[in-house]
Amino acid sequence: MRQAIRFAVPLVAVLGLLAWGASILVSTTSRRWFDEDVDLRARLAVRGTREGLTGHWRQGDRDALRRILESITRDERIMAAAVCGPALATVAATPEYPERLGCEDIGAEARAGLGEGGAGAASWHHDVLLRGGRVRVNALPILAEAGPPGLVILVHDMSFADRREATTTWFMVLAFALMAVLAALMTVLAARVSWLSWTEELRRFLRGTPPRREFHPVLGDVRDLIARLAAESRAAGGPGAWTPERLRRTLRERLHGERVIVVANREPYIHDRDRDGGVRVLHPASGLVTAIEPVMRACSGVWIAHGSGSADRDAADGRGRLRVPPGEESYVLRRVWLSPEEERGYYYGFANEGLWPLCHIAHARPIFRNEDWVHYRDVNGRFAAAVAEEAEGPDPIILMQDYHFSLAPRLVRDRLPRATILTFWHTPWPNAEQFGICPWHKEILQGMLGSSIVGFHTQQHCNNFLAAVDQYLEARIDREHRAVIQHGRTTLVRAYPISIEWPNSWALKAPPVAECRASVLAELGLPPDALLGVGVDRLDYTKGIEERLLSIERLLERFPQLVGRFTFAELAAPSRTAIPRYQELDRNVVRLEERINARFSRGTYRPVILRREHHEPPAVFRYYRAADVCYVSSLHDGMNLVAKEFVAARDDERGALVLSCFTGAARELTEALIVNPYDLEQASSALASALAMSAEEQRARMSSMRLLLSEFNVYRWAGQILVDAARLRQHERLSGRLAEHVRQVDGAPA
Ligand code: F6P
């Protein structure tokens, strides 16, 4: 249709030009015809009365001459007539004969004209304007026996010709305009009909009716495309949105089970003893938990995690097991107990002082200690043993999570060779050179290749991983299938951008936006018209919290009108507090907050409100819903689910997201204001734009991001991994059967 319109517009323009040219042609032609017609009438009129005229002239009967002239002017087009004598004096004239055209003037001109026309010239004419209208003056010679002839002058009213000419031109333009419109309509109609016939062909083809021959090449391509899409869709369990139910079905139908075993250091529910001896259940600030917990609720199974809460032991049974979520029990949490030394070496040491800075470009130096490595290896072994205990059969489905467990996949494989081990790395993966800094880089790669699938958020991280395998191990890389083959075993390496549950249960449970805003502003001591920004993070140096505060400082320097109006609330959950680098970050952030507040405070107004404490999801969602802007300023982040949660929280389609380009989320949430958090000018400009953004623009950006997240939710993330795992499992079974068959044939007696 668009094509047809594109064709119709120039067509109308060309027809317009043609109409203009044609109207000029028609008007000159019709004018010539009218002029010729008038001249002819004049000649006929004079010819018919010539005898009478000459007779009365000779007799000098002026009255009779006038009567003849009056009879000539009975013709409705002839306004007036006169007879001029040879000396160009008026001999006779009708009463209305115009003075301006007296014989002395017009006669001389006419005689000259008749002379130029040659002796035989029958008439002379000339157009003049009279009382605003065009008139034609015709002069015809009479009485030319000797000396100069007398002249009969006829004055014609030409206004009728002009009127007709205008009418003809107008009709002509109208006709062309109609033609143009009709032609355009025909074009659009023809395009539509041909599209319909094309789609009809497609339908015929889909119904199995043989299409016409000219469609064969195109339909061949369409057939391939449909087959490919259908195969993809079948593989993914059919079209439509991913839901908990669909995820369960996929697991049941394609992997013959509903139960998965998740291995993740962080537990989804922490039982913590508070100061007055009571126990509270905390939801930890963790992107991993945000993503995996809804998947577990959908699939059921066991989550094996470090029991880190001060009241965790009391809440679990003798084997460290309990059913969760509290009040909606749908899966088992299996807690693994670690000694303080183990926790220090495995979690704080190797995982968070070694691998964490190794994987992030955030300018923290990785620290690798041998004793940490020993603990890390042992704890991985303990978790692998827990997996073997929890497995109900020889081929369980295990979702291994993150950099805490890079060795566990191989250790589980050794115990359960037929297990489907799906390892997901939640942080970035560094380039091969950087990865080589780790003294145990080969062991880590070997450990991960115990997996059936290794997943990352982005293709870039997959490429880095494959490059490291290529550089440091003896293994074949199958780039076409994005896989590593070692000792006959295949590990797929794929990108699966993680997401959040959708519809989001925390957003659904949150109070209305107006209520959230009112309560948050009251809590912060801000007036109702305050402009509010929020940041939500673990207090981690990769999150760019210092850069965030610096850009707020810059914002207030550049836009002083915001001082007193704009407040930024940072909800920072203390994290990994035993590590010196985190303690240093904590001090830096507090210092920055104090400096900015000292510079810009007015009365009770403080531009930065820093809340360094744990916030439960309902409080976080209240802040998301109250904010005008959310700023995610990570210096490097695998995905960052805070950005996605903010979008999920805004069912009112308001609020603006300023997002670091160094997050995985920036590749998907392209309607956010994407910034380089190191560039304080750019970041402060983006914050200013976000605060000034119109409601329509907020809505347009937010609705588009929400649409994306509704489609690309965490069920889809898990579903895609499971579908790939099912395919791999089937492939391994078939190739296993084939190998068995070959063995039997080889061993059979001839
Ligand atoms: O980003 C890596 C990660 O493990 C996340 O998956 C998780 O959100 C976060 O770190 C939690 O850190 P921790 O468990 O050390 O508090």
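Any value given below was found using the heavy atoms of this structure, including those in side chains, with hydrogens, waters and symmetry copies removed. One-based numbering, in listed order, for ligands and for the atoms of each.
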Under 4.0 Å from any heavy atom of Tyr347, which atoms of ligand 1 are there? 13 (P), 15 (O), 16 (O)
Taking the cut-offs as 6.0 angstrom to the six-membered ring centre and 45 degrees off its axis, would you call Arg650 and Tyr624 a cation-pi pair? no
At less than 4.0 angstrom from any non-hydrogen atom of Gly287, what atoms of ligand 1 do you find? 7 (C), 8 (O)
Report the residues that fulfil side chain to side chain contact (heavy atoms under 4.5 Å, CB included) with Glu547, sequence neighbours left out, ordered by chain and then residue number. Leu635, Tyr678
Nearest heavy atom to atom 12 (O) of ligand 1: which of His306, Arg576, Arg266 does it belong to? Arg576
If we only count heavy atoms from C-beta on, is the Arg259 to Glu390 side-chain gap below 4.5 Å? yes
Option with minimal heavy-atom separation from atom 4 (O) of ligand 1, where the choices are Asp402, Asn640, Asp637: Asp402
Nearest neighbour in protein (non-hydrogen) for atom 7 (C) of ligand 1: Ser286 OG, 3.4 Å
Leu288: numbered ligand 1 atoms lying under 4.0 Å from its heavy atoms: 6 (O), 7 (C), 8 (O)
Non-hydrogen side-chain atoms of Arg280 and His271 separated by less than 4.5 Å: no
Given Phe405, which of Thr423, Leu411, Val263, Val412 fulfils the side-chain contact (heavy atoms from CB on, under 4.5 Å) condition? Val263
Region of Trp425 that comes within reach of ligand 1 [heavy atoms, distance under 4.0 Å]: neither
What atoms in ligand 1 come closer than 4.0 Å to a heavy atom of Thr427? 2 (C)
List ligand 1 atoms under 4.0 Å from Trp356, heavy atoms only on the residue side. 1 (O), 2 (C), 10 (O)
When distances are taken from atom 11 (C) of ligand 1, the protein heavy atom at minimum range is Arg538 NE, 3.6 Å
Run the ring-centre check on Phe368 versus Trp373 and record whether the distance is less than 6.0 Å. no
Contacts of Trp717 that satisfy ring pair (Phe, Tyr, Trp, His ring centres under 6.0 Å) - sequence neighbours left out: Phe424
